[in-house]
Number of protein chains: 2
Amino acid sequence: MKNLMETLRQHGIQPTPQRLEVARYILECDRHFSAEQALSIVLERCPTISRATVYNTLNILVEKGLVAARVLTEGAVVFDSRVARHHHLIDTETGEIHDVDWGALKVSGTRSLADFEVQEYHVVLKGRKKQ
Amino acid sequence: MKNLMETLRQHGIQPTPQRLEVARYILECDRHFSAEQALSIVLERCPTISRATVYNTLNILVEKGLVAARVLTEGAVVFDSRVARHHHLIDTETGEIHDVDWGALKVSGTRSLADFEVQEYHVVLKGRKKQ
DNA sequence: GATCATCTTTAGACTTAGTCTAAGTCCATG
DNA sequence: CATGGACTTAGACTAAGTCTAAAGATGATC
């Protein structure tokens, strides 16, 4: 908890009790989560926290680079506490999102796109468990 | 219009006037569109069409493989009348979605993902126009 | 051509994710 | 103690999308 506060401070985020609870949730949860999932779990420990505070906190964390926001599935933004780049595999049967290490795939050709400067990219795969 | 009806029939879709209007919109519009965009344009020609019909029609077209539904941006599913596989580049300044031909990028490694059978994949790039 | 089951459309209620707002709380500082 | 800034809160609001129940259109069959 001490280091959580430190981490927030180091990134210029005032560590309030509410923000700490959100941060704690992020560390303890399954790495991919939606804002509504975060809200419902944080509410158990901090019953008066408001939806706006959770959304604000998540947005601040994304802005500061501590968490990534990804558009992978319909309906809700997926937050991801792993900010290092990697690819994603979506299980078409369960909807689960799995990581694919950056090194597992190689993409070539991104340098040669006419007129565009590519800032980032990743591969989105869809598939299902074998058997 | 004759061939529109034919196309729908060939895919087992009963060609109603409402469905034809939606199909016509898809052919005439900019290839990437949201359901709400489709609704608002189709309403101009067919003022009594309901939101549910537009959504139902789009979902049927996706089911039958005539249109693709993609999760690329926050907030709304992007429909795409180009169903052949290709990659996408999202302009980080304008939010516009550009196509990247399948052959322009090469992805290797998708065969060797432990335990998973990859059904499809594509690369999502983010970038901005040079200069 | 009349009947009936089936398919389709409609308006509007509903749900869910997410943002906005206005008022209140909590400090720190002069 | 007054002021102001940063933060939180409840709840209103918005936008995308689904659902429902009733009405309307269609097609097959006799």
Side-chain angles (χ1 to χ4, degrees), chain A residues 4-5 8-9 11-26 29 32-64 67-80 95 97, chain B residues 4-5 8-9 11-26 32-64 66-80 95 97:
Chain A
L4 251 185
M5 286 190 50
L8 294 188
R9 274 213 194 83
H11 287 82
I13 305 171
Q14 183 79 354
T16 66
Q18 291 87 343
R19 288 173 178 173
L20 285 168
E21 281 303 340
V22 173
R24 191 176 144 203
Y25 165 78
I26 295 171
C29 80
H32 300 108
F33 61 93
S34 70
E36 294 292 323
Q37 279 164 6
L39 172 62
S40 78
I41 301 298
V42 172
L43 268 177
E44 291 171 10
R45 289 184 191 143
C46 186
T48 68
I49 200 171
S50 76
R51 182 196 281 341
T53 297
V54 171
Y55 275 87
N56 283 343
T57 303
L58 290 172
N59 288 336
I60 291 170
L61 292 172
V62 168
E63 210 173 282
K64 302 294 186 183
V67 167
R70 312 188 188 282
V71 177
L72 289 174
T73 56
E74 206 184 323
V77 168
V78 174
F79 292 92
D80 186 347
I97 297 169
Chain B
L4 250 185
M5 286 189 51
L8 293 188
R9 276 214 193 82
H11 288 81
I13 304 172
Q14 183 79 354
T16 67
Q18 291 87 342
R19 288 172 180 175
L20 284 169
E21 280 303 341
V22 172
R24 191 174 144 206
Y25 166 77
I26 294 171
H32 299 108
F33 61 94
S34 69
E36 294 292 323
Q37 280 164 5
L39 172 62
S40 78
I41 300 299
V42 171
L43 267 176
E44 290 171 9
R45 289 184 190 144
C46 186
T48 68
I49 200 171
S50 76
R51 183 197 268 8
T53 297
V54 171
Y55 277 85
N56 284 342
T57 302
L58 290 172
N59 288 337
I60 291 170
L61 292 172
V62 169
E63 212 174 282
K64 302 294 185 181
L66 285 169
V67 167
R70 314 188 186 283
V71 178
L72 289 174
T73 55
E74 206 183 323
V77 167
V78 174
F79 292 92
D80 186 346
I97 297 169

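First the proteins, then the strands, lettered A, B, ... as listed; each starts at 1.
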Enquirer: Give the residues of residues 32-45 of chain B touching DNA chain D, defined as any heavy atom closer than 4.0 Å, sorted by residue number.
Expert: B/Ala35, B/Glu36
Enquirer: Hey, which sits more toward the 5' end of DNA chain C by its nearest nucleotide, B/Ile13 or A/Val77?
Expert: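 Mapping each residue to its closest nucleotide by heavy atoms, the 5'-most match is B/Ile13.
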Enquirer: If you check every side-chain atom of A/Ser50, which of C/dT19, D/dA10, D/dG17 has the closest atom?
Expert: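 Out of C/dT19, D/dA10, D/dG17, the nucleotide with an atom closest to A/Ser50's side chain is D/dA10.
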Enquirer: Has the side chain of A/Thr53 got a donor or acceptor atom that lies under 3.5 Å from a matching backbone atom of A/Ile49?
Expert: no
Enquirer: Looking only at heavy atoms, what is the nearest atom pair of A/Arg45 and A/Tyr25, with distance?
Expert: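 A/Arg45 and A/Tyr25 have their closest heavy atoms at NH1-N, 4.5 Å.
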Enquirer: Taking side-chain contact (heavy atoms from CB on, under 4.5 Å) as the test, write out the residues that go with A/Glu36, two or more places apart.
Expert: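 So A/Glu36 forms a side-chain contact (heavy atoms from CB on, under 4.5 Å) with A/Ser34, A/Leu39, A/Arg51, A/Tyr55.
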Enquirer: Among the candidates C/dT10, D/dT18, C/dG18, find the nucleotide nearest to the side-chain atoms of A/Ala76.
Expert: C/dG18
Enquirer: Under 4.5 Å between any side-chain heavy atoms of B/Leu20 and B/Met5, yes or no?
Expert: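 A side-chain contact exists here, since the closest heavy-atom pair is under 4.5 Å.
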Enquirer: I want to verify a distance call: between C/dT9, D/dT9, D/dA16, whose nearest atom is closest to the A/Gln18 side chain?
Expert: D/dT9
Enquirer: Could you check whether B/Thr16 gets within reach of a base, just the sugar-phosphate, or nothing at all, counting any heavy atom under 4.0 Å?
Expert: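 Counting heavy atoms under 4.0 Å across all strands, the contact made by B/Thr16 is with sugar-phosphate only.
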Enquirer: Among D/dT18, D/dT9, C/dT19, which is the nearest nucleotide to the side chain of A/Thr48?
Expert: D/dT9
Enquirer: With B/Val67, which residues qualify under side-chain contact (heavy atoms from CB on, under 4.5 Å), at least two apart?
Expert: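 Partners of B/Val67 under the side-chain contact (heavy atoms from CB on, under 4.5 Å) test: B/Ile26, B/Leu61, B/Val62, B/Phe79.
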Enquirer: Taking OP1 and OP2 of C/dG18, is either one under 4.0 Å from a side-chain nitrogen or oxygen of A/Asn59?
Expert: no
Enquirer: What is the separation between atom CD on B/Glu21 and atom P on C/dT8, rounded to the nearest whole Å?
Expert: 18 Å
Enquirer: Does A/Ser40 have any side-chain contact (heavy atoms from CB on, under 4.5 Å) partners at least two apart in sequence or in another chain, and if so, which?
Expert: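 A/Ser40 satisfies side-chain contact (heavy atoms from CB on, under 4.5 Å) with no other residue.
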Enquirer: What nucleotide among D/dT26, C/dG18, D/dT18 has an atom nearest to a side-chain atom of B/Gln14?
Expert: D/dT26
Enquirer: Kindly say if A/Tyr55 contacts the phosphate of C/dT19, meaning a side-chain N or O under 4.0 Å from OP1 or OP2.
Expert: no
Enquirer: Residues in side-chain contact (heavy atoms from CB on, under 4.5 Å) with B/Thr16, at least two apart?
Expert: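 Only B/Gln14, B/Gln18, B/Arg19 meet the side-chain contact (heavy atoms from CB on, under 4.5 Å) criterion with B/Thr16.
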Enquirer: Identify the pairs formed between an N or O of the protein and an N or O of nucleotides 19-24 of chain D at a distance under 3.5 Å, and give each distance.
Expert:
none

